[in-house]
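Report on the structure given below.
Numbered from 1 within each chain, the chains take letters A, B, ... in sequence-line order.
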There are 2 protein chains.
Amino acid sequence: MARPLAFDPQEKLHQAMLLFWRQGYESTSVQDLVDTLQINRFSLYNTFGDKEALYERVIRHYRAHVFSHLEAHLQPAREGLPRLFAYLDAVCEGLARQPEPWGCLLQNSVISRNAFSPPLQGLVDEFITTLQGHVLAILEAAVESGQVNTDLTPAALADFVVIQIQGMLVASRGGAHEALRNSVAALGSLLGYRR
Amino acid sequence: MARPLAFDPQEKLHQAMLLFWRQGYESTSVQDLVDTLQINRFSLYNTFGDKEALYERVIRHYRAHVFSHLEAHLQPAREGLPRLFAYLDAVCEGLARQPEPWGCLLQNSVISRNAFSPPLQGLVDEFITTLQGHVLAILEAAVESGQVNTDLTPAALADFVVIQIQGMLVASRGGAHEALRNSVAALGSLLGYRR
DNA sequence: CGGGTAATTGACCGCTTGTTTAGAAATGGG
DNA sequence: CCCATTTCTAAACAAGCGGTCAATTACCCG
């Protein structure tokens, strides 16, 4: 056959994810990637395609290896509020554990979505759609089972909660960990959720 | 004396604000500014300094001519919840009226604060601090006067509401106007605020 | 009307961006 | 052992970035 790769693509992809996560898409140059991943410029293009193609793979990697663990807390939706707050607690904990306030790679991508081509925009938009779906299912179950007593529709409540989550993810980039915990506690109290 | 300016600095500053508002700081090049403001490159530097100095003046301009009108709804704080929801309604209305979903220039600046020098970072951080101050004062008055019945501290509630506002401002960039209104309605309902 | 002052002009600087090229090096099967 | 195949290396590409320059133009005051 031919000359084998001198590096592990998965490992390099992981390193690229960490770099993009910390610095953002636009602020991370190809030179940064070359320096950090310790592979040649051409090898980078040869294995991952151009910068945006690499970022797409990074996003999928993040979704599969980071977000999926958080997403697991949101199921099964029929259990209602305990699932929502298990997720919110895990989000708080994950954000607080970061050495620097990087926030969430997916939410960061949503914010800079205008820098992407339409297909990639669609991919990052899926994040909000997915979140919305999970939260809505949980709140429908919560309202139906009487966990939360309100005259609001589950859909309106879901909009409210998703926006709250988005706010938490951006606020975390200021390092306001206590504000995040306060925020979750307040939401719990207002929804009448007893732990 | 000497040759007078061939343009109105205030007018050009306003145009620069609109451009930065729409495109963001990093995505707006000096060439974009030259093309849009219709003044020469050097004249731009001569009157406003470098790109970051211009952006600082843009932020101050925004604060004085755009945000101040919204901020006015937050006072006097002693009136409590009506002031908060007057502000939130105005924010919703302002965001919905935008021809394209630009969000809030100040919140957008907070998000890309890492691209700025420390002094400018401080200036954009003032936005959250200011908002926090207003909201806290309102909620203290609201709790004390019994407008809202909760076992939460006003400080925790303020963290919650400020994060909610931040979430609204970033979500608006996806054009989700109805979700914003639902979100405000949900907050009102959960706080027991009757309009 | 003439001279001093300041705004304007457009070319130009060095640097970084993302991307590509041509040639050298390394592998494993026939 | 050698050649086909693929990776690797370093250099270079064009385009765009923020920022600066000397020369020119237009104005107001004396």
Side-chain angles (χ1 to χ4, degrees), chain A residues 1-13 15-17 19-59 109 112-121 123-124, chain B residues 1-13 15-17 19-59 109 112-121 123-124:
Chain A
M1 284 297 165
R3 181 174 176 171
L5 270 85
F7 59 90
D8 176 13
Q10 277 298 111
E11 178 197 340
K12 297 304 179 185
L13 185 61
Q15 293 176 9
M17 178 190 75
L19 192 64
F20 276 126
W21 197 351
R22 177 173 30 162
Q23 300 188 349
Y25 178 74
E26 309 185 58
S27 302
T28 300
S29 68
V30 176
Q31 190 58 47
D32 287 338
L33 290 161
V34 168
D35 295 343
T36 303
L37 306 200
Q38 301 263 51
I39 61 175
N40 185 270
R41 218 176 176 75
F42 181 81
S43 299
L44 189 69
Y45 278 87
N46 198 35
T47 31
F48 299 109
D50 64 13
K51 188 184 173 186
E52 190 177 288
L54 170 59
Y55 197 69
E56 174 170 343
R57 293 199 52 180
V58 161
I59 287 182
S109 303
S112 52
R113 75 185 284 285
N114 294 330
F116 305 139
S117 65
L120 190 49
Q121 288 185 12
L123 183 65
V124 307
Chain B
M1 284 296 165
R3 180 176 178 172
L5 272 87
F7 58 89
D8 176 13
Q10 276 299 111
E11 178 197 341
K12 298 303 179 185
L13 186 61
Q15 294 175 9
M17 177 188 77
L19 192 63
F20 276 126
W21 197 351
R22 177 174 36 172
Q23 301 189 350
Y25 177 75
E26 310 184 56
S27 301
T28 300
S29 69
V30 177
Q31 191 57 47
D32 286 339
L33 290 161
V34 168
D35 294 343
T36 304
L37 306 201
Q38 302 263 50
I39 60 176
N40 185 271
R41 209 178 179 79
F42 185 82
S43 298
L44 188 69
Y45 278 86
N46 198 34
T47 28
F48 299 108
D50 64 12
K51 188 184 172 186
E52 190 176 288
L54 170 59
Y55 196 70
E56 176 172 342
R57 294 199 51 180
V58 160
I59 287 182
S109 304
S112 53
R113 74 186 286 285
N114 295 329
F116 305 139
S117 66
L120 190 49
Q121 288 185 11
L123 184 65
V124 306

Q: Would you give the length of the straight line joining atom OG of S109(B) to atom CG of L120(B), rounded to the nearest 0.5 angstrom?
A: 7.5 Å
Between [atom2] on [N] and [atom1] on [X], what's the gap in Å once rounded to a whole number?
X: F7(B); N: dC27(D); atom1: CZ; atom2: C1'; result: 15 Å
X: E52(B); N: dG18(D); atom1: CD; atom2: P; result: 12 Å
X: L5(A); N: dT5(D); atom1: CG; atom2: C1'; result: 13 Å
X: L54(A); N: dT17(C); atom1: CG; atom2: P; result: 16 Å
X: K51(A); N: dA15(D); atom1: NZ; atom2: P; result: 19 Å

Do you know which two heavy atoms are closest between [X] and [Y], and how far apart they sit?
X: K12(B); Y: L37(B); value: NZ-O, 2.5 Å
X: F7(B); Y: S43(B); value: CE2-CB, 4.2 Å
X: V58(B); Y: M17(B); value: CG1-CA, 3.6 Å
X: R57(A); Y: L13(A); value: CB-CD1, 3.9 Å

Q: Note down the inter-axis angle between the two ends of the helix from dC1(C)-dG30(D) to dG30(C)-dC1(D), five pairs each, to the nearest 10°.
A: 10°
Q) Between E26(B) and S112(B), does any side-chain donor sit less than 3.5 Å from a side-chain acceptor? A) no
Q: Sequence neighbours left out, what passes side-chain contact (heavy atoms from CB on, under 4.5 Å) with T28(A)? Give chain and number order.
A: L19(A), F20(A), Q23(A), D32(A), L33(A)
Q) In residues 33-50 of chain B, which ones come under 4.0 Å of DNA chain D, going by heavy atoms? A) R41(B), F42(B), Y45(B), D50(B)
(Q) Within the 4.0 Å heavy-atom criterion, would you say T28(A) contacts the bases, only the backbone, or no part of the nucleic acid? (A) sugar-phosphate
